[in-house]
Amino acid sequence: MSDLLNGVTVVELASWTYVPSAGVVLRDWGADVIKIEDTHGGDPCRYLTVGGLDPAESRVKANFMMEIGNHGKRSIAIDIKTPEGREIFAKLIAKADVLLTNWLPGALERADLSVDTLRAYNPKLIIARGSGQGPLGPDRDKGGFDASGYTARAGVAYALTPDGQEFPFAQGPAFGDLQGGSTLAGGIVAALFHRERTGVARTVDGSLLAQGMWAVAPDICAADYYGIDRIPAYAPGEAPNPVVNRYKTRDDRWLQLVFLQADRYWKGFCERIGHPELSDDERFTPLANLIANKDDATAILRKIFAERDLAEWQEILADEPGVWAPLATPAEALTDAQAVANGYLMTVADDDGELFKTVSAPIQFDETPPKPGRSPEHGEHTDQILEELGMSWDDIIAAKVSGAVL
């Protein structure tokens, strides 16, 4: 397990996936992440169903969305609206390095959790906030999910929808959340580095709108430079360079070719696919001719790839130096040899000992994958954390009786 952030304590006051996924990244890098949940139902992500999948039909008890955004954390359930709960929260903040939250500015102010109040508890506290639209401006207090702030408002759906489609691009679950969480985690580490150098704590802000705009920055910049809506898109299956294109195999699978330096790879590629006569065809070499005759080349390659199944093409192209990849299914990604070798998936056991997989944070150090850990149950570590704060069992029981903690 990475130990870069060993000794760093992150208090997370957040729900759903965007901001909690930043906490998971920090946890996978070695931080102790304490997730504060309310005393009622906890993080609503615990009860989220995706794609109509019935949790009763899953082979394990774990909720895969909770595992992705919360594995390895500790959970404490507090009612911070009560005086006792507020006191416990203040003790947590006093010992923390980072407060990570998705509460909107107005909600933080109403709860008397302004930057000044939090820094009164702990002057060295790094405050990291993730929101839908950012901490300033007219929509600072409007909620947001990635389907709204990232995919819709930032221009992602518009940029990724092919011309002529009846319906726009629709994202999968947490499509922008997980990218945004990784970026927010990087900002927190930069703030920790700055504090280590200068002793000054900073406030870190990220938003789904900002992350989405970063994802389609080329389209946004082109809109400014050329006065257009987006970079011109080609029809599905078409591309200006025939060897930077997707091709369908006999068994209805797809291969993606990315030969950006076509002249470098064309001859060997043609020989590998069993058509050496194409390597010196004047229509397709040099690159300028290949581009000029892209329709002919694309039609030929479509016919060639349609003659074999994906597995055959994977064997034929195994030693191809040009970049290519099959369009894998998520189920195939589970067993991808590269993913396995690099520890991109962690295997975790549920309470019944049933093994399941979740995806690790995307950055590693010293080629070392993170230590596996499951998502905590609601308030699972409440007693343990209260003891660490120096509370006696009499005080803990009293807090439970009052409803300040679960």
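In this chain, numbering begins with 1 at the start of the sequence shown.
Under the 3.5 Å distance criterion, with hydrogens and angles disregarded, a donor-acceptor pair is assigned to the side chains of Arg74 and Gln384. A donor-acceptor pair shorter than 3.5 Å can be found between the side chains of Tyr158 and Asp229. Inspection of the Asn241 and Lys294 side chains reveals no N or O donor paired with an N or O acceptor under 3.5 Å. A donor atom on one side chain and an acceptor atom on the other are found under 3.5 Å apart for Gln171 and Thr151. No donor-acceptor contact under 3.5 angstrom links the side chains of Glu282 and Asn289, judged on distance only. Side-chain atoms of Glu380 and Ser75 include no donor-acceptor pair closer than 3.5 Å. With no hydrogens or angles considered, a side-chain donor-acceptor pair links His71 and Asp28 at under 3.5 Å. Side-chain contact of Asp251 with Thr249: a donor-acceptor pair under 3.5 Å is present, judged by distance alone.
Here the side chain of Gln364 pairs a donor or acceptor atom with the backbone of Asn342 at under 3.5 angstrom. Judged purely by atom type and a 3.5 angstrom limit, Asp350 uses its side chain to pair as donor or acceptor with the backbone of Gly353. Side-chain atoms of Asp97 do not come within 3.5 Å of backbone N or O of Val10 as any donor-acceptor pair. Distance alone, capped at 3.5 Å, places no donor-acceptor pair between the Thr298 side chain and the Asp295 backbone. A donor-acceptor pair under 3.5 Å is formed between the side chain of Lys73 and the backbone N or O of Gly69. Put simply, the side chain of Glu312 gets close to the backbone of Asp309: a donor and an acceptor are under 3.5 Å apart. Using modelled atom types, one side-chain atom of Asn63 and one backbone atom of Met66 make a donor-acceptor pair closer than 3.5 Å.
Legend: ring pair (Phe, Tyr, Trp, His ring centres under 6.0 Å) pairs involving residues 358-382, not counting sequence neighbours, sorted by first then second residue: Trp29-Phe365. Residue pairs satisfying the ring pair (Phe, Tyr, Trp, His ring centres under 6.0 Å) criterion with at least one member in residues 299-340, sequence neighbours excluded, are listed as follows: Tyr247-Phe305, Phe305-Trp313.
The 12-atom threshold is exceeded at CZ of Arg46, counting heavy atoms of other residues, nucleotides or ligands nearer than 6.0 Å. Counting heavy-atom neighbours within 6.0 Å of Asp54 CG, excluding the residue itself, gives a total above 12.
Taking CD1 of Ile78 as the start and CG of Leu13 as the end, the distance is 9.0 Å to the nearest 0.5 Å. Here CG of Leu278 is found 12.5 Å from NZ of Lys267. Values are rounded to the nearest 0.5 Å. Interatomic distance, CD of Gln314 versus CD of Glu320, reported as 14.0 Å (0.5 Å rounding).
Residues passing the ring-ring contact (aromatic ring centres under 6.0 Å, His included) test with Tyr121, sequence neighbours excluded: none.
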Worksheet item: Taking it one step at a time, do Val200 and Arg195 satisfy side-chain contact (heavy atoms from CB on, under 4.5 Å)?
Response: CA-CA 5 Å; Val200 177; Arg195 191 186 68 180; over 6 Å; no
